[in-house]
Amino acid sequence: QVQLVESGGGLVQAGGSLRLSCAASGRAFEKYSMGWFRQVPGKEREFVAAISYISPITYYADSVKGRFTISRDNAKATLYLQMNSLNPEDTAVYYCAQSGKANHGGSYLRSSDEYDVWGQGTQVTVSS
């Protein structure tokens with residue numbers, strides 16, 4: 001059974017930092033591209049960042065470029081999202097996701113349609 005479990009969310013003041021983690025199990029982590037998305041109530045899920053199975057090829061939403069860094073540790077089967085210079089607009093539930101195809105990467109990773117496994121989400125709240 002494939003499973004993704006996020007952690008690291010919480011409450012932080014504007015300008016602060018958080019690091020999210022996503023522990024994966026159930027299939028060969030190193031063969032799958034991974035992504036982070038976020039969602040606020042009443043809005044569609046939004047792409048944040050993705051990393052190819054061929055690390056360190058990465059993709060970012062314009063809104064987080066230069067502030068967020070996605071990385072992966074294949075030995076630990078864990079995905080990370082380092083978030084710096086947080087602002088209230090970053091407040092959302094953050095989800096990690098795993099691509100539905102092994103050994104597959106590319107800019108299409110920006111679309112939620114490319115992922116078939118999702119974590120339960122972790123809340124990030126940034127106060128002003």
Side-chain angles (χ1 to χ4, degrees):
Q1 180 181 359
V2 182
Q3 190 173 18
L4 302 176
V5 179
E6 299 101 334
S7 61
L11 173 64
V12 64
Q13 288 188 334
S17 299
L18 281 175
R19 188 174 84 152
L20 305 184
S21 299
C22 173
S25 61
R27 58 190 186 190
F29 179 78
E30 68 278 5
K31 293 184 179 180
Y32 291 85
S33 298
M34 301 289 295
W36 287 100
F37 289 76
R38 64 188 182 186
Q39 190 169 23
V40 297
K43 291 190 176 181
E44 292 188 357
R45 194 165 294 188
E46 175 189 29
F47 169 75
V48 175
I51 185 166
S52 173
Y53 75 103
I54 306 177
S55 182
I57 298 174
T58 56
Y59 307 89
Y60 294 94
D62 288 343
S63 60
V64 307
K65 197 174 296 183
R67 300 187 298 122
F68 290 12
T69 302
I70 189 172
S71 62
R72 63 191 298 162
D73 185 334
N74 289 340
K76 295 182 179 179
T78 301
L79 176 73
Y80 302 100
L81 184 68
Q82 177 66 44
M83 305 186 294
N84 298 330
S85 301
L86 285 161
N87 58 61
E89 290 70 38
D90 296 316
T91 295
V93 176
Y94 283 71
Y95 299 89
C96 68
Q98 190 170 67
S99 172
K101 299 177 182 178
N103 302 320
H104 222 216
S107 60
Y108 64 80
L109 291 171
R110 297 176 181 272
S111 170
S112 60
D113 292 340
E114 298 305 323
Y115 301 87
D116 69 340
V117 181
W118 295 82
Q120 83 287 353
T122 186
Q123 176 70 46
V124 171
T125 303
V126 184
S127 63
S128 57

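No hydrogens, no waters, no symmetry mates; every other heavy atom, side chains included, goes into these values. Note that the structure is a prediction, hence the values are computed from the model and not measured.
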### Query
Can you pull the salt bridge (Lys or Arg N to Asp or Glu O under 4.0 Å) pairs that have at least one residue in residues 30-40, sequence neighbours excluded?
R38-E46, R38-D90
### Task
Identify, with sequence neighbours excluded, every residue that meets side chain to side chain contact (heavy atoms under 4.5 Å, CB included) alongside Y53.
S33, R72, N103
### Query
Can you name the side-chain hydrogen bond (donor to acceptor under 3.5 Å, both in side chains) partners of K65, sequence neighbours left out?
D62
### Task
Could you walk me through whether W36 and L79 pass side-chain contact (heavy atoms from CB on, under 4.5 Å), step by step?
CA-CA 9 Å; W36 287 100; L79 176 73; 3.3 Å; yes
### Task
Would you confirm whether Y94, through its side chain, and T91, through its main-chain N or O, come within 3.5 Å as a donor-acceptor pair?
no
### Message
Applying ring pair (Phe, Tyr, Trp, His ring centres under 6.0 Å), can you list everything that pairs with F68, at least two apart in sequence or on another chain?
### Response
none
#### Entry: Residue pair L20, E6: steps toward the side-chain contact (heavy atoms from CB on, under 4.5 Å) verdict
CA-CA 7 Å; L20 305 184; E6 299 101 334; over 6 Å; no
### disulfide (SG to SG under 2.5 Å) contacts touching residues 97-128 (sequence neighbours left out)
none
### Query
Any link between Y32 and V2 through a network of hydrophobic side chains (Ile, Leu, Val, Met, Phe, Trp, Tyr) touching at under 4.5 Å?
no
### Query
Between F47 and Y59, does the ring centroid distance fall short of 6.0 Å?
no
#### Entry: Sequence neighbours excluded - disulfide (SG to SG under 2.5 Å) pairs with any residue from residues 4-52
C22-C96
#### Entry: Nearest non-hydrogen partners of L81 and A49, listed with the distance
CD1-CB, 4.3 Å
### Message
Within the 4.5 Å heavy-atom criterion, are V12 and M83 side-chain neighbours or not?
### Response
no
